[in-house]
Asks: 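One structure coming up, written as C-alpha cells, with questions to follow.
Naming convention: chains lettered A, B, ... in sequence-line order (proteins, then strands); numbering from 1 in each chain.
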Protein chains: 2
Amino acid sequence: MKVDTKTIILDTAERLFADSGFIATSLRDITSKANVNLAAVNYHFGTKEALLAAVMERRFRPINDARLQLLDELEASTNNKTITLEGLLKAFLIPPFHQQREWGEPGKKFLKLAGHIHGENNEEIRLLLLKQFVTVLERFTKAFHHVLPHLEPSEINRRMAFLIGAMAFAMMNAEQITASDSKDSQQPEQLLTSLIKFCVGGMTGSDSAPTSSSAVLNGVHK
Amino acid sequence: MKVDTKTIILDTAERLFADSGFIATSLRDITSKANVNLAAVNYHFGTKEALLAAVMERRFRPINDARLQLLDELEASTNNKTITLEGLLKAFLIPPFHQQREWGEPGKKFLKLAGHIHGENNEEIRLLLLKQFVTVLERFTKAFHHVLPHLEPSEINRRMAFLIGAMAFAMMNAEQITASDSKDSQQPEQLLTSLIKFCVGGMTGSDSAPTSSSAVLNGVHK
DNA sequence: GTCTATATGCGGATAGAC
DNA sequence: GTCTATCCGCATATAGAC
C-alpha cells in the first residue's frame, strides 16, 4: 500500500499546522515526521506557503462545494421565497462538520486548522482563505438579506462576523469540547446541533436587548 | 513629557503583536519602532514571552476586575435570584469594549490582540491567557448555570465556547467592522450592542432547532 | 524523484563597556 | 539604564550529484 510522497506531506503538514500553527511549524518538522527528505517540500510544492495553500484547497473545495450545492437545492426547492433561517444556517454549518466525520482523524485536524485560519492575522494567509471563501460568502450574504429583510446590511455583516466567530471556535475546539463529555458516540453531532441552535438564536436576535448606546448599561449598573 | 522606556516598549509591543501576531513580531521590530535599544527588552522584561505577559496583564487586569465587579453588583442587587441572561452577558461583554474607548487607539490594538489570543494554539500563550481568565471563567460559568438551569452542564460549556468565539471575532475585527459603516461616531457602541443581542439570542437557544442527529439535515435535503 | 550539502539570513538572548 | 558586538541556533530555499 504505497502512498504518494506528495500526499504524505499534505497529511503531515495538515496535522502539524493544526497542532502548532503555520509559522511555528518548520519544514524540518514536517519532513522529519513524514519520513521524507527536507527538499521534497520545495520540489513538490515550491514554498511553505504554497504547501499551506494546497492543504487548504484539498479540504475547503469539497466543503464549500457542498455548501453551495445545499444552498442551490434550498433555493430551488422553495423557489427562493420561503427559505428558513435554520435551513440557511444548516447549509453553511453542516458541510465542514460532516466532512470531518467522513475524513476521520485528518478531518479533525483540518477542522482545527480551519478554525485557526479564520482568525489568522497574517495578510497572505487571510488572502488564501478568502480565495477559497469569497463565492460562498457572497452567496450566503445575499441569502441572509433575503431571510432577514428587517435587518440593515451593516447589522447583517456584524452578525455574520459573530456567526463565523462562533463557528471558528467550534472548529478549533471540537477536539476538546467533544472529549470533555461523558458519552463518546454522539458528541460531534451534539456540537454541531448546539452550534446551529446558538446561531439560529443569535441571527434571529432578541428585540428585548437595547439598541441605544445610553441604555447599554441597563441592568448592570445600579 | 518624558515617558518611561518600559512603557514605550509595552505600547509598541502591544501594537505590533496585534497587527502581526506574537511569533511574527521580532524583538528587533519592536525596539526599532520604539526607538530603544535591542537589549532593553531583555533588560526590562527578561524574555519575549514575559513581555507578552506584561502586555496582557496591563489591560486584562482592569477588564477582568470590572467584569467581576459588575457581576458582584448584579448578584448583590438581585439577591442572586433574578439575574437576567442579558445582565449577565453585559457584565461579561461590556468591560473590554468600554475600556477600549477609554484607552483610545492603544485600546483598539489591545482588543485586536486579545481577540487573536483567545484563538491562540500555542500552549504557553494559552496558559498566559488562562491565568488572567480563570477566575472570571469560573464565576461566570456558575452564573450561567443559575440563569439557564434547564441546560445541561455540557451544553452550557458549548454555548460559552460559541459566546467567546463570537466575542473574540468582534474584538479582532472591531477595526474593520466599525470602519466599514457609514456613520463614524456610534460604531463601537453599535458593534457591542449587536454582539450582546446576538449572544442573548444564542444563549437562549431556539427550541425549534432539532436535537436528534438524524434530523439535522431536515430543511436542507429534499 | 530523491538525496547531501550549503547558501543566506533572521531569530532570541547575553557579555561587557560606558 | 543604555549601548555595541556577538554567540549560536534555526529558518527557508536551492544547487547539484545520484
Asks: With a 4.0 Å limit, can you tell me whether B:Thr47 has a side-chain N or O closer than that to the phosphate oxygens OP1/OP2 of C:dG12?
Replies: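 No, because none of the side-chain N or O atoms of B:Thr47 sits under 4.0 Å from OP1 or OP2 of C:dG12.
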Asks: From CZ of A:Phe45 over to C1' of D:dA13, roughly how many Å is that when rounded to an integer?
Replies: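 Answer to the nearest Å: 16 Å.
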Asks: In whole Å, I'd like the distance from the CD1 atom of A:Ile8 to the C1' atom of C:dT2.
Replies: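 Rounded to the whole Å, the gap is 13 Å.
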Asks: Within residues 33-40 of chain A, which residues have any heavy atom lying less than 4.0 Å from an atom of DNA chain C?
Replies: A:Asn37, A:Ala39
Asks: Can you list everything that forms a ring-ring contact (aromatic ring centres under 6.0 Å, His included) with A:Phe144? Sequence neighbours excluded, please.
Replies: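 Once residues adjacent in sequence are excluded, A:Phe144 has no partner under the ring-ring contact (aromatic ring centres under 6.0 Å, His included) criterion.
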Asks: Test: salt bridge (Lys or Arg N to Asp or Glu O under 4.0 Å). Region: residues 48-58 of chain A. Which pairs qualify, not counting sequence neighbours?
Replies: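 As it turns out, the salt bridge (Lys or Arg N to Asp or Glu O under 4.0 Å) pairs with a partner in residues 48-58 of chain A, which skip direct neighbours, are A:Asp11-A:Arg58, A:Glu14-A:Arg58, A:Glu57-A:Arg61.
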Asks: Taking side-chain hydrogen bond (donor to acceptor under 3.5 Å, both in side chains) as the definition, give me every residue that meets it alongside A:Arg139, ordered by chain and number, with sequence neighbours left out.
Replies: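 Checked A:Arg139 against side-chain hydrogen bond (donor to acceptor under 3.5 Å, both in side chains); matches are A:Asp72, A:Glu75.
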Asks: For C:dG1, does either OP1 or OP2 sit under 4.0 Å from a side-chain N or O belonging to A:Thr5?
Replies: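 Checking A:Thr5 against C:dG1: no side-chain N or O falls below 4.0 Å of OP1 or OP2.
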Asks: Restricting to pairs with a member in residues 110-135 of chain A, which pass side-chain hydrogen bond (donor to acceptor under 3.5 Å, both in side chains), not counting sequence neighbours?
Replies: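 Checked against side-chain hydrogen bond (donor to acceptor under 3.5 Å, both in side chains) - neighbours excluded - the pairs reaching residues 110-135 of chain A are A:Asp19-A:Lys112.
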Asks: Please list residues of residues 16-32 of chain B whose heavy atoms come under 4.0 Å from any atom in DNA chain C, ordered by number; otherwise none.
Replies: B:Thr25, B:Ser26, B:Leu27, B:Arg28
Asks: Write out all pairs satisfying salt bridge (Lys or Arg N to Asp or Glu O under 4.0 Å) with one or both partners inside residues 21-46 of chain B, taking only residues at least two apart or from two chains.
Replies: none
Asks: Between A:Ser20 (side chain) and A:Thr25 (backbone), is there a donor-acceptor pair under 3.5 Å?
Replies: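 No.
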Asks: Can you tell me which nucleotide in D:dA13, D:dT2, C:dG1 comes closest to the side chain of A:Asn42?
Replies: D:dA13
Asks: A:Lys48 NZ to D:dT14 P: how many Å, rounded?
Replies: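 Whole-Å distance recorded here is 15 Å.
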Asks: Please give, in whole Å, the distance from C:dT2 C1' to A:Asp4 CG?
Replies: 14 Å
Asks: Would you please name every residue forming a side-chain hydrogen bond (donor to acceptor under 3.5 Å, both in side chains) with A:Glu155, sequence neighbours left out?
Replies: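 A:Glu155 satisfies side-chain hydrogen bond (donor to acceptor under 3.5 Å, both in side chains) with A:Arg158, A:Arg159, B:Ser194 only.
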Asks: Not counting sequence neighbours, which residues clear ring-ring contact (aromatic ring centres under 6.0 Å, His included) with A:Phe97? List them please.
Replies: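 Not a single residue meets the ring-ring contact (aromatic ring centres under 6.0 Å, His included) criterion with A:Phe97.
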